[in-house]
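Remarks on the structure that follows.
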Amino acid sequence: MTDLVRASFSIEEPLMNQLEALVKASGYANRSEFIRDMIRARLVEETWERNEIAVGTITMLYDHHQRGLSHKLMDLQHHHHNEVLVTTHVHLDRDLCVEVIMVRGRAEEIKTLCDTLRQQRGVLHADLSICSTGLELKG
Ligand code: NI
């Protein structure tokens, strides 16, 4: 970890009040750590906007009674074998399955996979949680 430097900046009072409220509501011990994490989150978003190699998880809920769906979902994951790292499948109840798919690859490829999974009939929810390889976040 690199040394910390002190920074000062100007901000409108109402915006500063909102920042303090966000810090408090988020449970952060101090403003500095909140701002550092906000910057890191923005840097991760930028790696996705620039279509760089990224990491993420897709969480998908689906009806396992839907004819042919399990096979189709597996086919799609095989088609993206370069991006799919691991899949965890849970039989939620008699009807529903949830899968968490960990992915690494070009941001656009990952988004396409998530969108395609979501569009299948019988998929009730599919959403992407973005992360990065961490290269831009190392101190
Ligand atoms: Ni299942």
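First listed ligand is number 1; within each ligand, the first listed atom is number 1. Scope of the values below: all heavy atoms of this structure, side chains included, with no hydrogens, waters or symmetry mates.
Placement of Val84 and Leu117 within a single hydrophobic cluster is found when ILVMFWY residues are connected by side-chain heavy-atom separations under 4.5 Å, directly or transitively.
Among the atoms of Cys97, an N, O or S atom falls under 2.8 Å of the Ni ion (ligand 1).
The two residues Ile53 and Thr133 have their closest heavy-atom pair at O-CG2, 3.7 Å. When all heavy atoms of Glu99 and Gln77 are compared, the closest pair comes out as OE1-NE2, 3.0 Å.
Other residues, nucleotides and ligands place more than 12 heavy atoms under 6.0 Å from the NE2 atom of His89.
Distances from the Ni ion (ligand 1) to the N/O/S atoms of His89 are shortest for NE2. Of all N, O or S atoms in His91, the one lying closest to the Ni ion (ligand 1) is ND1.
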